[in-house]
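Both counts, for ligands and for their atoms, begin at 1 and track the order of listing.
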Amino acid sequence: MISVNEALDHLFSLSQTLATETVPLLQAYDRVLRTDCVSTRNQPPFPASAMDGYAVVSAETDDTLTVIGESAAGHAFGGSVASGQAVRIFTGAPVPEGATRIVIQEDVDRNGDQITIKPDADTKSYIRPAGNDFAEGFALKAPMRITPNDLALMASMNCPEVTVSKRPKVALISTGDELVMPGETPGPDQIIASNTFGLHAMLSKAGADVRLLPIARDTINSLQTVLGFVEDADLVITIGGASVGDHDLVAQAAEGLGLERSFYKVAMRPGKPLMAGRLNNAMMVGLPGNPVSAMVCGRIFVVPLLHAMMGLPAAPVERQKGLLLNDIGQNGPREHYMRAHLTAEGLHVADRQDSALLSVLSASNALAVRAPHDPARKAGDVIEFITI
Ligand SMILES: Nc1nc2c(c(=O)[nH]1)N[C@H]1C(S)=C(S)[C@@H](COP(=O)(O)OP(=O)(O)OC[C@H]3O[C@@H](n4cnc5c(N)ncnc54)[C@H](O)[C@@H]3O)O[C@H]1N2
Ligand code: MOO
């Protein structure tokens with residue numbers, strides 16, 4: 001069995017970076033930027049007022065100035081302002097030539113076209129210099145995941161469209177005679193396909209275009225038929241049929257179609273019978289069927305793999321450190337990802353860790369990560385975890 005990191009390295013080296021496409025800003029949220037987004041303008045493009053008030057050259061308390069015009073956002077005052085004069089100005093408006101300061105309107109008394117500066121007037125300039133936010137040539141650097149904040153900035157930079165990674169096309173296949181879809185009536189020896197739906201959401205959230213294929217039954221023929229539907233998928237993911245039982249036929253069926261297997265079995269818990277390779281033009285990852293194992297492997301392996309395919313750095317899920325709130329026993333020989341609940345106080349590791357328990361997974365928001373043979377830990381110890 002190989003380690004989690006070795007398995008990840010194999011996955012990264014099997015993967016290929018996807019092509020790019022250019023999309024309008026309204027479709028760019030959460031996509032991976034692949035070409036730097038460069039500003040063609042300064043923001044603000046002119047010295048701008050930060051407040052509503054009066055643009056003046058210099059003014060002292062009790063000075064009386066004559067208002068000679070107005071500058072509003074989108075409507076600059078054409079002339080310049082001289083000593084003894086003021087221009088009525090509004091937030092975001094161009095500061096007229098000659099002005100050195102904005103006196104906020106709360107700090108003046110106005111009478112007709114005369115203003116008088118009140119005692120203790122605020123002396124800050126309230127002028128934003130041209131290019132104060134960013135200058136022409138400023139760039140958002142690829143690769144990066146585009147956030148709502150980035151989109152606001154890109155729009156301000158006057159980038160109407162951006163070059164992003166194509167979405168990885170993922171074909172998701174559940175396998176097993178026992179499975180029916182939610183809403184169907186299961187037979188007495190059947191259960192509902194579940195982690196399929198969890199994985200669909202997880203991988204879509206990571207940026208993939210995920211297609212659910214029909215459930216494959218536990219025969220080579222059925223598995224090969226469904227594997228024949230993957231079309232132009234970049235990544236084929238099977239769930240179940242990965243272990244050693246008589247009905248675990250996924251690898252055999254895929255090999256019959258040309259799978260070149262890279263590895264099988266990883267020293268982790270849950271998730272040991274993970275398998276991966278290349279299936280003709282696609283990558284293939286065979287996830288274990290136990291629902292929590294499939295979801296944990298999705299988080300630990302498939303999400304980082306999708307990131308790498310979209311051009312983000314090939315890296316494991318980031319680990320954090322947190323305070324353990326309850327005692328936990330010694331770990332066995334496999335790296336253990338234990339469902340846990342993270343609060344501001346720390347991490348409470350769930351008592352029950354059977355990989356069939358989706359209710360425990362749903363109540364968890366983190367996985368405590370235990371190294372192989374990690375000794376027993378006490379409440380108050382610091383341990384590593386990842387968020388889920
Ligand atoms: N003798 C051994 N038995 C098992 C071993 C082993 O090393 N030796 N490994 C165990 C581990 S660890 C895991 S994990 C499971 C994985 O088995 P498979 O990948 O072959 O999965 P299945 O047998 O097809 O299913 C296991 C379990 O999960 C349910 N399942 C499968 N797909 C779905 C789905 N889409 N939605 C919901 N539930 C699903 C299935 O009904 C089974 O209950 O093997 C252990 N056994
Ligand atoms: O590794 Mo299995 O995935 O423990 O249940």
Between atom CD1 of Ile386 and atom CG of Leu367, what is the distance when rounded to the nearest 0.5 Å?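 Rounded to the nearest 0.5 Å, the CD1-CG separation comes out at 4.5 Å.
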Considering heavy atoms of the protein only, find what lies nearest to atom 5 (O) of ligand 2 and give residue, atom and distance to 0.1 Å.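 Minimum-distance protein heavy atom for atom 5 (O) of ligand 2 reads Ser355 OG, 2.4 Å.
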For atom 1 (O) of ligand 2, grab the closest protein heavy atom and report residue, atom and distance to one decimal in Å.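 The closest heavy atom on the protein side is Gly271 N, 2.6 Å.
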Please tell me if the side chains of [X] and [Y] come closer than 4.5 Å, counting only heavy atoms from C-beta onward.
{"X": "Val382", "Y": "Leu323", "result": "yes"}
{"X": "Arg88", "Y": "Arg110", "result": "yes"}
{"X": "Pro372", "Y": "Glu335", "result": "yes"}

Side chain or backbone of Pro270 under 4.0 Å from ligand 2, or both, or neither, by non-hydrogen atoms?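 The answer is both.
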For ligand 2, does Arg334 get within less than 4.0 Å through its side chain, its backbone, both, or neither, judged by non-hydrogen atoms?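 For Arg334, only side-chain atoms sit under 4.0 Å from ligand 2.
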Is the number of heavy atoms from other residues, nucleotides or ligands under 6.0 Å of Glu260 CD greater than 12?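 Atom CD in Glu260 is not packed in, count stays at 12 or less.
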The single option from Leu249, Leu257, Ile173 passing side chain to side chain contact (heavy atoms under 4.5 Å, CB included) against Leu223: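 That would be Leu249; it is the only one of Leu249, Leu257, Ile173 passing the side chain to side chain contact (heavy atoms under 4.5 Å, CB included) with Leu223.
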Kindly determine whether Lys118 and Asp107 satisfy salt bridge (Lys or Arg N to Asp or Glu O under 4.0 Å), including the steps that lead there. CA-CA 5 Å; Lys118 290 183 187 172; Asp107 286 346; 5.9 Å; no
Those protein residues which place at least one heavy atom below 4.0 Å from ligand 1: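 Shell around ligand 1 (4.0 Å, heavy atoms): Ser174, Glu178, Leu179, Ile191, Ile192, Ala193, Ser194, Asn195, Thr196, Ile239, Gly240, Gly241, Ala242, Ser243, Val244, Asp248, Lys272, Pro273, Pro288, Gly289, Asn290, Pro291, Ser293.
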Under 4.0 Å to a heavy atom of Ser293 - the qualifying atoms of ligand 2, by number: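 The atoms of ligand 2 under 4.0 Å from a heavy atom of Ser293 are 2 (Mo), 3 (O), 5 (O).
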Would you say the side chains of Thr163 and Arg34 form a donor-acceptor pair under 3.5 Å?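 No - no donor-acceptor pair under 3.5 Å links their side chains.
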Tell me which pairs pass side chain to side chain donor-acceptor pair (under 3.5 Å) where either residue lies in residues 63-83, with sequence neighbours left out.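 Residue pairs passing side chain to side chain donor-acceptor pair (under 3.5 Å), neighbours aside: Thr64-Thr116, Thr66-Gln114.
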Does the N or O separation between Arg269 and ligand 2 drop below 3.5 Å for any pair?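 For ligand 2, there is no N or O atom that lies under 3.5 Å from one belonging to Arg269.
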